[in-house]
Protein chains: 4
Amino acid sequence: MAMTGVLRPAHCELRVLDLDETLSFYLNILGLTEVARDAAGRVYLKTSNETDQHSLVLRKADRPGMDNYAFKVIDEVTLERLESDLRAYGVATEWIPEGEMLNTGRRVRFESPTGHIFDLFASKAPAPDLRSYTNPTLFDHEGVGINPVRLDHWQIHGTDLDGSVKLFSEVLGFSTVEKIVTNDGKTDLACWMTCSHKPHDVAFVRDERPNTLHHLAYLIGSWEQLLRAADLMSARRVKIDAGPMRHGITQGTTIYAFDPSGNRIETFCGGYDYYPDMPMTVWTENEMGAAVFYHTRELNERFLTVVT
Amino acid sequence: MAMTGVLRPAHCELRVLDLDETLSFYLNILGLTEVARDAAGRVYLKTSNETDQHSLVLRKADRPGMDNYAFKVIDEVTLERLESDLRAYGVATEWIPEGEMLNTGRRVRFESPTGHIFDLFASKAPAPDLRSYTNPTLFDHEGVGINPVRLDHWQIHGTDLDGSVKLFSEVLGFSTVEKIVTNDGKTDLACWMTCSHKPHDVAFVRDERPNTLHHLAYLIGSWEQLLRAADLMSARRVKIDAGPMRHGITQGTTIYAFDPSGNRIETFCGGYDYYPDMPMTVWTENEMGAAVFYHTRELNERFLTVVT
Amino acid sequence: MAMTGVLRPAHCELRVLDLDETLSFYLNILGLTEVARDAAGRVYLKTSNETDQHSLVLRKADRPGMDNYAFKVIDEVTLERLESDLRAYGVATEWIPEGEMLNTGRRVRFESPTGHIFDLFASKAPAPDLRSYTNPTLFDHEGVGINPVRLDHWQIHGTDLDGSVKLFSEVLGFSTVEKIVTNDGKTDLACWMTCSHKPHDVAFVRDERPNTLHHLAYLIGSWEQLLRAADLMSARRVKIDAGPMRHGITQGTTIYAFDPSGNRIETFCGGYDYYPDMPMTVWTENEMGAAVFYHTRELNERFLTVVT
Amino acid sequence: MAMTGVLRPAHCELRVLDLDETLSFYLNILGLTEVARDAAGRVYLKTSNETDQHSLVLRKADRPGMDNYAFKVIDEVTLERLESDLRAYGVATEWIPEGEMLNTGRRVRFESPTGHIFDLFASKAPAPDLRSYTNPTLFDHEGVGINPVRLDHWQIHGTDLDGSVKLFSEVLGFSTVEKIVTNDGKTDLACWMTCSHKPHDVAFVRDERPNTLHHLAYLIGSWEQLLRAADLMSARRVKIDAGPMRHGITQGTTIYAFDPSGNRIETFCGGYDYYPDMPMTVWTENEMGAAVFYHTRELNERFLTVVT
């Protein structure tokens with residue numbers, strides 16, 4: 001009972017153009033900590049609060065975007081079962097061996113119908129800066145930069161939206177919490193899916209550009225910390241795309257901005273707790289403005305078009 | 001996968017001395033809405049945000065305290081399985097028929113080793129004030145009183161702490177997220193248990209007084225709303241026991257106060273998200289002050305002694 | 001010593017197209033209270049917190065905009081002195097007799113070089129809902145709508161910016177706290193002026209359209225209350241122009257929106273405390289984006305062009 | 001017009017027992033910056049936001065408490081006038097020469113009827129870390145420790161309360177904003193006095209112990225920053241006296257704590273804006289609990305008795 005199967009978005013491998021400049025953004029402005037570098041030159045990062053070794057891996061590349069998206073599952077037995085279920089469903093799987101990623105167990109890799117590469121894994125080294133769990137001293141961290149709580153979710157785009165949603169529902173046990181549909185109600189345009197109490201762990205959006213990233217999101221502790229994030233990003237000349245504002249979908253609050261490589265990053269706060277006995281919320285295309293930018297009820301063109 | 005089994009604390013039946021006076025507190029100060037009254041004179045209440053019919057039932061009685069505590073489970077099949085599992089574990093169960101509680105399905109009733117009466121159920125009528133789930137208009141509620149989000153958890157006391165913890169772990173699938181132990185580490189004094197992502201859905205405390213209630217808790221949306229709650233309680237001359245402050249355990253923020261019948265009620269905000277791969281946090285008795293009243297690191301006598 | 005002379009923006013008379021519809025906005029969404037109506041059909045409004053009778057007067061007219069802007073001065077002697085000083089400076093004055101505005105003392109009226117009509121007065125009836133000042137019960141007001149603290153300031157446009165700034169400095173004792181200048185530093189484009197600790201009580205902007213209103217502003221208690229204001233405005237379909245966001249100038253936070261008559265209204269929070277020993281902050285035209293919309297560092301076209 | 005005369009509490013000289021330990025508290029927990037040390041070994045500190053050189057001076061001594069309290073006045077002419085007014089009123093004055101305090105102009109020193117040493121001065125060097133006032137980059141400071149806005153006020157105790165209030169009213173132009181009186185209304189027990197828009201710049205309390213300090217207060221930016229302050233103080237084992245909570249008087253929010261030398265320090269947030277046309281608020285002794293600790297409406301014994 002309680003939580004089983006897939007736990008949460010656990011890490012992702014992001015392509016960056018200028019490693020030093022983009023790393024500086026993630027270290028000094030977003031406020032992640034560098035945990036390790038591997039032989040391939042990848043840089044491993046985490047928030048001060050995350051209990052596993054890393055949640056973001058930066059890789060220097062000639063175009064931005066995301067190499068792959070990893071979910072942690074509860075144990076190795078579940079990992080094996082999910083790998084078997086994926087194959088039974090007709091999805092090709094690949095085992096990435098333990099250690100290909102530093103201090104990280106074996107991973108099951110598959111491609112979703114929207115063209116994204118997903119990994120599932122069950123074990124990763126604990127964070128090197130893990131605090132004591134006996135009589136802990138809490139809240140002694142002063143924070144650097146925005147200092148988010150954790151990696152939260154991804155919004156990713158591709159053509160076969162229906163295929164990815166079906167796969168995540170039927171094999172991985174995700175629920176669709178909210179969606180946007182065409183005005184005639186016949187076609188899903190975007191689906192917010194969860195494997196937990198969060199209003200979404202991943203969002204899929206129908207888009208002619210397969211395997212693209214709209215944004216990766218880190219969780220922020222409060223609306224006031226979002227203000228501080230926006231203040232800091234302006235002071236450091238980070239390009240803010242939109243926000244601070246409220247989402248209709250998830251009811252969370254948000255700022256969208258771009259890292260120096262052009263990847264969109266969301267600092268996301270809150271949203272309701274999902275329970276599986278809740279009705280699904282459906283937004284029609286003509287109310288998409290309110291669904292996403294709740295305050296102004298109008299989307300900006302950049303938000304609608306830029307992906308990496 | 002995802003959530004299964006027991007979902008959350010769903011409602012409880014509270015004994016009150018003067019029904020009108022105590023009801024006025026819950027309506028006008030806490031800001032619940034009266035949904036219904038039944039033939040037995042019980043009053044059904046809910047928050048503006050809850051999607052099921054009610055989360056609190058008031059019953060006039062000659063002493064305060066809680067009659068019973070109900071968890072919602074995901075479906076009727078699960079309810080039957082849990083009933084069978086309880087019996088197999090050696091716990092006597094009773095089926096309370098549908099309709100004994102208004103618009104509420106059949107309930108499995110059992111007594112925990114700490115002497116508390118628990119109910120499990122799978123169906124309840126939706127809230128009469130449920131908003132639309134198609135292109136919803138959000139945040140249009142101005143709120144009355146403190147206006148909490150939902151029923152959150154209970155802290156309850158009894159002698160056989162170990163028995164209740166074992167039952168909730170082994171049969172109902174709860175996890176112990178944090179606990180307080182004697183300084184020698186040999187005896188558990190209190191356990192915070194969850195069936196979800198919340199840092200606790202119920203807390204059991206070792207106490208010579210079986211079947212007692214330390215507090216019922218409603219969830220508040222933010223630290224600033226806690227300030228408003230404290231301001232309003234002072235203005236209306238509600239007796240505040242302690243707070244606003246931070247807990248060490250759960251890391252949530254809180255105010256404790258008393259309803260006019262003397263039942264302690266917590267307005268609780270936040271706390272971290274629990275995942276089953278997190279280490280358990282253990283506090284020793286000599287650090288109990290920091291564990292519960294994190295800021296002053298000292299408990300008050302009233303908090304340690306008054307239960308109903 | 002301490003404060004003398006002109007105290008604060010005290011009320012203004014706003015032209016509205018449909019009195020009922022616009023009044024409903026000010027009552028039910030902004031959350032002002034109707035205090036009185038006079039023989040001319042004007043409606044008098046105040047916040048729950050203001051201690052004088054009214055801060056806003058609505059008048060039905062065939063075009064939106066502001067009829068006049070009134071500052072309260074500390075006493076009748078000061079009022080007479082300021083009237084004399086205005087005349088000595090070469091400004092024509094007119095005495096509006098006591099009672100022309102309900103329960104409001106005589107007013108000195110003059111036109112500023114930017115074409116706006118200003119009133120000074122020293123006495124007004126106390127608010128009919130004034131709370132006790134002996135052992136007060138505080139924070140017992142649940143609030144309707146956005147529920148601002150008080151009328152805060154106005155931003156007004158006209159051709160002779162220099163003339164209005166000189167008049168307010170030399171005769172009325174205002175200080176220029178911040179300003180925007182052309183990139184060559186030779187011409188002032190906008191001046192934020194204060195008669196108090198506030199970072200501005202009035203802002204003058206150079207504009208070819210004399211006697212125009214960019215916005216009237218009410219003060220909001222916190223950044224979180226601004227979020228609630230934006231949520232409520234969206235839910236009630238109020239057109240939000242921009243925000244929530246931070247200003248560079250004043251460092252306050254803000255939302256701009258339009259009332260049903262098309263007048264822009266700001267809900268403004270915070271800003272630093274001004275002291276006369278602070279340096280003046282100067283922004284050049286090429287940094288005007290950051291000066292006004294600090295987060296995105298870009299103004300929207302509507303904000304730059306729409307006045308009433 | 002506008003502000004004249006005495007501007008604000010500008011600095012104070014605090015006696016500390018162990019200079020290193022207490023300095024570490026002010027630097028690393030409160031988050032002040034060390035600006036300078038003088039030949040006498042005194043350490044000069046300021047907040048990141050203050051525009052003058054320092055607001056706190058620490059002096060090693062064999063008992064805690066405050067040596068003197070300094071207000072900045074608007075200019076040298078005013079300083080001379082106030083010195084003359086003090087003498088005319090019958091108060092002895094002394095000129096402390098420029099430079100006795102580093103980079104600080106001449107000071108007029110006098111003793112109040114409550115036995116406290118006050119200084120008035122008009123000039124002090126600007127902060128060495130002063131940011132640009134042309135196209136400033138705002139909010140780029142990440143903050144160390146609690147990171148307050150500025151020195152805010154003092155609460156000081158002595159026998160001749162009436163004498164100090166009369167002197168500050170009649171000579172220095174302060175207003176009494178709120179006071180606590182005996183239940184028969186005949187005797188003032190405490191007076192909150194302002195020379196500005198703040199609800200108090202200094203509070204005098206009747207006490208048999210002349211020339212004592214109840215607390216010095218630094219201003220905090222928000223209620224959420226107060227939570228962070230309380231979290232940090234607990235994490236660093238600072239002794240919190242009371243709070244976070246609301247005051248009835250001033251309506252501000254607060255935490256009281258002790259520095260390592262036993263001096264009580266308040267982190268204070270907010271409070272209303274005072275205008276001289278507001279009624280004075282009067283609290284009677286039997287409502288003193290609500291007046292000071294608004295939420296619990298009960299004072300703690302330590303708060304009532306400990307001064308330095």
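Within every chain, numbering begins at 1; the chains are lettered A, B, ... in the order of the sequence lines, protein sequences first and strands thereafter. Side chains are part of it too, since the values below use all heavy atoms of this structure and drop only hydrogens, waters and symmetry mates.
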Could you name the residues of residues 235-247 of chain B that have a heavy atom within less than 4.5 Å of a heavy atom in chain D?
B:Ala235, B:Arg237, B:Lys239, B:Ile240, B:Pro244, B:Arg246
Bottom line for D:Ser222: the part with an atom under 4.5 Å from chain B's heavy atoms is neither
Between the CG atom in D:Asn300 and the OG1 atom in B:Thr296, the distance rounded to the nearest 0.5 Å is 10.5 Å
Can you list the residues of residues 280-294 of chain B that sit under 4.5 Å from chain D, counting heavy atoms only?
B:Tyr294
Using 0.5 Å steps for rounding, measure from the OG1 atom of B:Thr253 to the CG atom of D:Asp231.
9.0 Å
